[in-house]
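Just so it is clear, the values below take in all heavy atoms, side chains as well, and ignore hydrogens, waters and symmetry mates. Remember, predicted model here, so these are calculated numbers, not experimental data.
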Amino acid sequence: MITLTPKTLSPFSFLCNPIPKHQNQNSKYTIVTQYSDSSSKPTFNSNCESEFQTERGLKFDIGETFFRHESATGRDLGVLAAALYKRSKGKLRVLDALCGCGIRSLRYLIEAEADFVLANDANDDNRKVITENLSQVESSSGDDPRWAVTLSDANRIMTECYLKRDFFDLIDIDSFGSDSSFLRSAINALKLDGLLYVTSTDGFSSGGRRPQQTLAAYGAYVRPMPYSNELGLRMLIGGAVRVASVLGYRVTPLFSYYSYHGPIFRVMLRVNRGKLPDNRNYGFISYCHNCGSSQEYSWAELGRMSCPCSDSKVSKSLVVSGPLWTGPLHDTVYITEMLHLAEEWGWAGSGSGTDLDKLLNQMVAESDPRLPFGYTKLDEVASRAKVNSPPLRAVMSTLEKEGYAASRSHIESNAIKTNCSMAGCIRIAKQLQQCSSAE
């Protein structure tokens, strides 16, 4: 069994005395050396001091690249998934398709102990900072390269890898806007049973403000709904399901993560051969503005959508989004393994109370198979019940006592995921208000 231990780096001695790495003659890639000419060398003061960032004990320079500290949790999740893959398969080759400054590539190399990482960025100006950061790791191990840097369009580099039959175990696409233009080339360049880490930052589309854009990008017409941020994740997964199905593959979400900064929607998918059977977990979601209830509809039910509050008649209060992913956002077993690994590394557990610890535990709770899609905002419940917003813990406790499944939502702080209807939540909110008034 391989024991994985996250490692910290030695000081940045290479920055004071840079030693160019020699290109491996057997490599399929051009390994960019630290400096292409003398004029490109960075300048430091006499004490060799520079402005560096630190993440999980790793130092790195961001140069002029776009970088967000707030995205560290998404990088943590990617590293944990990569490390689990290395533990189960014994090998790990990663393609960081839009690597920015290279911090994700560096973390895959050091923390996940990737055998090889291809760090790619389309901006040639980032060449130096990426190479400097990755040079903390030896560029080769024997005859095999540990990492390489390419400066090309992401679709082009992934297509070239596919044509060379040079497949990767994990492809990380951390893009701006929509990832949909990268999905086909990424799936083609991925090994069977490999991991695809995709991104969307289009909060306007997930909020139903740009339905024509979501239709073009993800093949889904998205309308405004109270749980729009979850729709963003389901829209992203659904788009991947559609593209993969065309290519003869099926995708399964291992975890889905939303962060309000950006906003950012990130999903880790496992890709295998075979189409989704009978369009299972790929359909339509409705929301009724009149009563607040939501329902799932299959393709066979198109044209027969209605809400019970309208006596099975067509209602103007009913809005429908889709097709989207309607199945689980997380794999319970996989998230549990990620949590155990995070505890092993000291990133979670032992009363650490870290954001990652809370997030993974919430994801485990959210993966309860009894929980449907969407979440219920307690402010909406209070508004419909015409009472003050009830305490979240009190609502969850009452739901569980009555036999319902309930968990907090990692997407919305004052919301719950439950299989109790909106009418039931309204009743509970009124009961809690009466009990509070009687005290």
Side-chain angles (χ1 to χ4, degrees), residues 178 180 200 202-242 245 251-253 256-258 263 265 267 269 276 278-310 312 314-330 366-377 380-381 384 405-407 409-412 415-425:
S178 164
S180 59
S200 171
D202 194 350
F204 282 102
S205 293
S206 66
R209 297 185 181 94
R210 299 171 179 170
Q212 297 296 338
Q213 183 169 322
T214 60
L215 185 62
Y218 299 103
Y221 196 86
V222 177
R223 306 288 300 280
M225 294 182 178
Y227 39 85
S228 61
N229 290 329
E230 183 173 312
L231 285 184
L233 293 171
R234 296 187 177 280
M235 176 182 71
L236 180 56
I237 300 170
V241 167
R242 181 172 62 93
S245 180
V251 298
T252 306
S256 306
Y257 168 62
Y258 166 81
F265 306 86
V267 177
L269 303 167
L276 196 69
D278 301 323
N279 295 319
R280 183 168 54 90
N281 295 330
Y282 184 61
F284 299 84
I285 291 173
S286 72
Y287 172 77
C288 180
H289 287 285
N290 184 43
C291 67
S293 64
S294 293
Q295 297 180 79
E296 176 185 350
Y297 293 95
S298 68
W299 288 82
E301 294 172 303
L302 287 176
R304 290 183 283 140
M305 297 177 181
S306 63
C307 183
C309 74
S310 301
S312 299
V314 176
S315 172
K316 293 182 179 180
S317 65
L318 193 71
V319 293
V320 179
S321 294
L324 302 162
W325 176 258
T326 59
L329 292 177
H330 317 295
E366 286 177 332
S367 64
D368 186 332
R370 296 175 297 169
L371 295 175
F373 61 85
Y375 49 78
T376 302
K377 293 182 178 180
E380 181 185 0
V381 174
R384 291 180 178 278
S407 81
S409 168
H410 88 272
I411 299 173
E412 186 77 30
I416 56 174
K417 291 183 70 67
T418 180
N419 55 356
C420 179
S421 66
M422 175 62 75
C425 290

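Side chain of Asn290 to backbone of Ser317: no donor-acceptor contact under 3.5 angstrom is found. Distance alone, capped at 3.5 Å, places no donor-acceptor pair between the Ser321 side chain and the Val222 backbone. At distances below 3.5 Å, not a single donor-acceptor pair connects side-chain atoms of Arg234 with backbone N or O atoms of Pro323. With hydrogens and angles disregarded, a donor-acceptor distance shorter than 3.5 Å links the side chain of Thr214 to the backbone of Ala220. Within the 3.5 Å criterion, the main-chain N or O of Phe265 finds no donor-acceptor partner in the side chain of Ser200. Formation of a donor-acceptor pair under 3.5 Å by the Gln295 side chain with backbone atoms of Ser306 is found in this model. At least one donor-acceptor pair under 3.5 Å links the side chain of Ser421 to the backbone N or O of Gly424. With hydrogens and angles ignored, the 3.5 Å screen pairs a side-chain donor or acceptor of Glu301 with a backbone N or O of Ser298. Judged purely by atom type and a 3.5 angstrom limit, Tyr257 has no side-chain atom pairing as donor or acceptor with the backbone of Leu233. With hydrogens and angles ignored, the 3.5 Å screen pairs no side-chain donor or acceptor of Ser206 with any backbone N or O of Gly232.
Checking Ser407 against Glu366 by side-chain atom types alone, no donor-acceptor pair falls below 3.5 Å. For the residue pair Tyr287/Ser293, the side-chain donor-acceptor check at 3.5 Å is not satisfied.
Nearest heavy-atom pair across Phe284 and Met305 is CB-CE, 3.9 Å. Minimum interatomic distance between Cys291 and Met422 (heavy atoms only, all atoms of both residues): O-CG, 3.4 Å.
No side-chain heavy atom of Pro328 sits less than 4.5 Å from a side-chain heavy atom of Ser367. A 4.5 Å side-chain heavy-atom check between Tyr297 and Val320 finds every atom pair outside the cut-off. Counting only heavy atoms from C-beta outward, the side chains of Tyr227 and Ser294 approach each other to under 4.5 Å.
Taking the charged nitrogens against the carboxylate oxygens, Asp202 and Arg210 do have a contact shorter than 4.0 Å, which makes a salt bridge.
Using cut-offs of 30° and 60° on the angle between ring planes, the pair His410 and His330 is tilted.
Taking the six-membered ring for Trp and the full ring otherwise, Trp325 and Phe373 have centroids separated by 6.0 Å or more.
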